[in-house]
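In this text, all values refer to a predicted model and were calculated from it rather than measured experimentally. For reference, positions follow the sequence shown, starting with 1.
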Amino acid sequence: QSRDKPATIVSKMEVKATAPIRSAPPKKTYSVSSGYEAELWRQVSLFCKATAAVKDLSRDASVCIESDLATSMERMVSKYQEKISNVNRSEEENADVQQRLVHLLSVQDDLEKQKKETNIALEEQTSDNAPKNIARKEPLDAESEWKRRKIVYKCREIQNLISIVDTRLSLN
């Protein structure tokens, strides 16, 4: 860079809201003493412009990111609420199943007793001795009971007579 080429630096003055506004602020001109200084000020100016551009991009990105983040968070919250709802529904179903299980377990003993008695009754009725077993369990009326006792008495008498005959035969 040549030394005789002066660089012009323009700065903007800030105006406070309370100060009366008359006209545009005056432009200040500055001459640099060397080409190096001019290059330094040019780099400073480029840096300021790049920083301003980064600030603008950052502001725009934060707005986009915030809206995307909010949408993402809303989706996550709705999924979380759905999962909580599913858990609550599962807990209700589990409680219902537990109640039915407790009921079935309480009835199980009664059902086992009924099954055992039914199997015994079926076995008695289907066996060869079914008529005898049924007759033994049936109560007799008074007349039949009297005849039964009479038959039992005669049967014992006959058994006694048979034993007497057997002993006499064995003595001979």
Hey, is [X] close enough to [Y] for a salt bridge, meaning N to O under 4.0 Å?
X: R148; Y: E145; value: yes
X: K147; Y: E143; value: yes
X: K113; Y: D110; value: no
X: E92; Y: R89; value: no

Just how far is it from atom [atom1] of [X] to atom [atom2] of [Y], taken to the nearest 0.5 Å?
X: T51; Y: L46; atom1: OG1; atom2: CG; result: 10.5 Å
X: E117; Y: Q114; atom1: CD; atom2: CD; result: 7.5 Å
X: S106; Y: L101; atom1: OG; atom2: CG; result: 9.5 Å
X: L105; Y: H103; atom1: CG; atom2: NE2; result: 10.5 Å
X: S90; Y: N86; atom1: OG; atom2: CG; result: 6.5 Å
X: Q99; Y: N94; atom1: CD; atom2: CG; result: 10.5 Å

Seminar exercise, completed: What one should report as the nearest heavy-atom pair of R75 and S78 is O-OG, 2.8 Å
Problem set entry | Derivation and outcome, salt bridge (charged side-chain N to carboxylate O under 4.0 Å, His left out), residues E39 and R42 | CA-CA 5 Å; E39 181 63 24; R42 192 176 73 73; 2.9 Å; yes
Problem set entry | Check: S58 side chain, K55 main-chain N or O, donor-acceptor pair, under 3.5 Å | no
For this session: I would like to know whether Q98 and V102 meet side chain to side chain contact (heavy atoms under 4.5 Å, CB included); could you show each step before the answer?
Result: CA-CA 6 Å; Q98 285 180 348; V102 166; 5.5 Å; no
For this session: Can you sort out the partners of E157 under side chain to side chain donor-acceptor pair (under 3.5 Å), two or more places apart, ordered by chain and number?
Result: Y153
Exercise. Does a side-chain heavy-atom distance below 4.5 Å link I84 with N88?
Worked result: yes
Exercise. With a 4.5 Å limit on heavy-atom distance, are the side chains of D96 and E93 in contact?
Worked result: no
